Asks: 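A single structure is presented below for examination.
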Amino acid sequence: MKAGQYAYRDRRARKRVFRSLWIARINAAVREQGITYSAFMAGLKKAAIEIDRKVLADMAVLDKPGFAAVVDKVKSSLSA
């Protein structure tokens, strides 16, 4: 009984843990580009770029040039 309760609880907790991991990875990557996480996320909405945090975090780790292109697009939309 107790194992089932832990499994149920932790399936939901895992989602929170991964979201915080993705946010930390994105934050570290955008700070290297000279922008904050909150400004970056606001710029994504303003530029109408609909990429979720999971994909952005993967891009930040595995595809640095692609991520840099997204950051440049966000920066240009923020300055406009």
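Positions are given from 1, in the same order as the sequence printed here. Quick caveat, the model's predicted, so the values are computed rather than measured.
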Asks: Hey, can you pull the donor-acceptor pairs under 3.5 Å for the side chains in residues 10-18, sequence neighbours left out?
Replies:
{"from": "Arg12", "atom 1": "NH1", "to": "Tyr8", "atom 2": "O", "distance (Å)": "3.2"}
{"from": "Lys15", "atom 1": "NZ", "to": "Arg11", "atom 2": "O", "distance (Å)": "3.1"}

Asks: Could you check whether any side-chain heavy atom of Val30 comes within less than 4.5 Å of a side-chain heavy atom of Val71, counting everything from C-beta outward?
Replies: yes
Asks: Could you give all pairs that pass the side chain to side chain donor-acceptor pair (under 3.5 Å) test and reach residues 63-80, with sequence neighbours left out?
Replies: none
Asks: Report, one line per pair, each donor and acceptor closer than 3.5 Å where one atom sits in a side chain of residues 42-51; sequence neighbours left out.
Replies:
none

Asks: Check whether any side-chain heavy atom of Phe40 lies under 4.5 Å from a side-chain heavy atom of Val70, and answer yes or no.
Replies: yes
Asks: Can you tell me how far apart CE (Met1) and OH (Tyr6) are? Round to the nearest 0.5 Å.
Replies: 12.5 Å
Asks: Can you tell me how far the CD1 atom of Ile26 sits from the OH atom of Tyr37, to the nearest 0.5 Å?
Replies: 5.5 Å
Asks: Is there side-chain contact between Arg31 and Ile35, with at least one heavy-atom pair below 4.5 Å?
Replies: no
Asks: Would a hydrophobic clustering, with Ile, Leu, Val, Met, Phe, Trp and Tyr connected at side-chain separations under 4.5 Å, put Met59 with Trp22?
Replies: no
Asks: Taking side chain as C-beta onward, heavy atoms only, is Asp52 less than 4.5 Å from Val55?
Replies: yes
Asks: Enter the distance from Ser38:OG to Asn27:CG here, rounded to the nearest 0.5 Å.
Replies: 8.5 Å
Asks: CZ of Arg25 to OG of Ser20: how many Å apart, nearest 0.5 Å?
Replies: 10.5 Å
